[in-house]
Amino acid sequence: MRKIIFASHHRFADGLKDTFDYIAPNVADVTAISAYVDNVPVAEAIKQALTGLDLSKDEVLVFTDLLGGSVNQAFTKYVSNPHFHVISGMNLPVVMSIILALPKDDYVDENFLRNCLEDARQQLIYVNDKFLQTELDEEDE
């Protein structure tokens, strides 16, 4: 079994889940944890999201908003489980590229995740520079 969790401060995780479900419905079992919105402690929300899973066998991919944030830290105690992956800095392109490329019948390879994240880093671009370079290239022609 594979579980996907989007976890963030406030409602970012809910919005990301809604957008993902709209773009790629029925692709993955996604749970959103939006911390500090209600009176449920983060640790309790995590326990609820992991209910029914066997962490020695089941795979869990967690996408969090901030590295070192309280939500991210709450998940770090689970990373010693063999198929538990925590990725911070979640955004829609990262989530889509990883989830849509997951192997169907096998566990995720850690190098696969590292490669996806490196590809995502290449997409972080200061558009002003890109736009200005395009204008300069067009003027040269």
Side-chain angles (χ1 to χ4, degrees), residues 1-138 140-141:
M1 175 181 215
R2 179 179 289 147
K3 178 80 169 183
I4 310 289
I5 300 172
F6 299 160
S8 70
H9 299 83
H10 303 290
R11 297 219 180 266
F12 179 58
D14 290 321
L16 188 63
K17 179 185 181 320
D18 289 345
T19 303
F20 180 81
D21 288 344
Y22 178 76
I23 294 170
N26 305 314
V27 168
D29 175 19
V30 178
T31 297
I33 296 176
S34 290
Y36 310 112
V37 173
D38 51 24
N39 290 328
V40 177
V42 174
E44 182 59 34
I46 292 171
K47 283 182 186 176
Q48 289 174 7
L50 299 177
T51 298
L53 296 176
D54 179 348
L55 295 181
S56 67
K57 296 178 185 172
D58 293 330
E59 185 166 61
V60 180
L61 280 88
V62 178
F63 295 87
T64 67
D65 54 350
L66 300 170
L67 176 63
S70 58
V71 174
N72 182 263
Q73 288 180 28
F75 279 102
T76 59
K77 71 180 189 177
Y78 294 96
V79 298
S80 61
N81 290 292
H83 308 291
F84 201 101
H85 309 279
V86 179
I87 299 162
S88 72
M90 72 175 167
N91 60 53
L92 186 60
V94 168
V95 165
M96 295 289 291
S97 67
I98 291 174
I99 295 176
L100 295 178
L102 288 173
K104 299 283 186 232
D105 300 320
D106 203 4
Y107 291 115
V108 171
D109 178 75
E110 292 173 3
N111 286 324
F112 162 80
L113 292 175
R114 289 183 186 102
N115 290 334
C116 286
L117 294 175
E118 186 55 40
D119 290 346
R121 283 185 194 95
Q122 300 303 314
Q123 296 300 314
L124 292 172
I125 297 170
Y126 182 47
V127 174
N128 294 35
D129 289 343
K130 184 75 170 172
F131 180 76
L132 293 174
Q133 185 59 48
T134 302
E135 281 187 335
L136 291 174
D137 290 346
E138 288 174 359
D140 290 341
E141 292 177 1

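No hydrogens, no waters, no symmetry mates; every other heavy atom, side chains included, goes into these values.
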Open item on the list: Taking K47 first and then E44, would you say they form a salt bridge - that is, a charged N and a carboxylate O separated by under 4.0 Å?
Closed with: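 Between E44 and K47 there is no salt bridge, as every charged N stays at least 4.0 Å from the carboxylate O atoms.
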
TODO: Could you tell me whether E110 and R114 have a side-chain N and a carboxylate O separated by less than 4.0 Å?
DONE: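 Answer for the salt bridge query: yes.
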
TODO: Indicate whether the side chain of S8 and that of D65 have a donor and an acceptor atom separated by less than 3.5 Å.
DONE: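 Not at all, the side chains of S8 and D65 share no donor-acceptor pair under 3.5 Å.
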
TODO: State, without any angle test, whether D14 and S34 hold a side-chain donor-acceptor pair at a distance under 3.5 Å.
DONE: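 Yes, side-chain donor-acceptor contact under 3.5 Å.
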
Task: Under 3.5 Å: donor-acceptor pair, side chain of E59, backbone of K3 - done: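 Pair absent, no side-chain N/O of E59 close to backbone of K3.
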
Task: Backbone N/O of Y78 and side chain of N81: donor-acceptor pair under 3.5 Å - done: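 Yes, because the side chain of N81 sits within donor-acceptor range (under 3.5 Å) of the backbone of Y78.
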
Open item on the list: Going by the rule side-chain hydrogen bond (donor to acceptor under 3.5 Å, both in side chains), which residues pair with S80 if we only count those two or more places apart in sequence or in a different chain?
Closed with: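 Not a single residue meets the side-chain hydrogen bond (donor to acceptor under 3.5 Å, both in side chains) criterion with S80.
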
Under 4.5 Å between any side-chain heavy atoms of [X] and [Y], yes or no?
X   : Y    : answer
I99 : I4   : yes
L61 : L113 : yes
V60 : F75  : no
I98 : L117 : yes
V62 : I87  : no
Y36 : V42  : yes
I5  : I46  : no

Roughly how far, to the nearest 0.5 Å, is [atom2] of [Y] from [atom1] of [X]?
X    : Y    : atom1 : atom2 : answer
N111 : E118 : CG    : CD    : 12.5 Å
M96  : N91  : CE    : CG    : 11.5 Å
N26  : D29  : CG    : CG    : 11.0 Å
M90  : N72  : CE    : CG    : 10.5 Å

TODO: Show your reasoning for whether side chain to side chain contact (heavy atoms under 4.5 Å, CB included) applies to F6 and F20.
DONE: CA-CA 10 Å; F6 299 160; F20 180 81; 4.2 Å; yes

Between [X] and [Y], what is the shortest heavy-atom contact and its length?
X   : Y    : answer
V79 : V86  : CG1-CG2, 3.6 Å
S70 : H9   : OG-NE2, 3.1 Å
A45 : V40  : N-CG1, 3.8 Å
R2  : V108 : NH2-CG2, 4.0 Å
K17 : V30  : CE-O, 2.9 Å
T31 : A49  : CG2-CB, 4.2 Å

Open item on the list: Could you work out, with ring pair (Phe, Tyr, Trp, His ring centres under 6.0 Å) as the rule, every residue matching Y107, not counting sequence neighbours?
Closed with: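 Per chain and number, Y107 pairs via ring pair (Phe, Tyr, Trp, His ring centres under 6.0 Å) with H83.
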
Open item on the list: Using the rule given for side chain to side chain contact (heavy atoms under 4.5 Å, CB included), can you reason through I23 versus L92, listing the C-alpha separation, both sets of side-chain angles and the distance that settles it, and then say yes or no?
Closed with: CA-CA 10 Å; I23 294 170; L92 186 60; 3.8 Å; yes

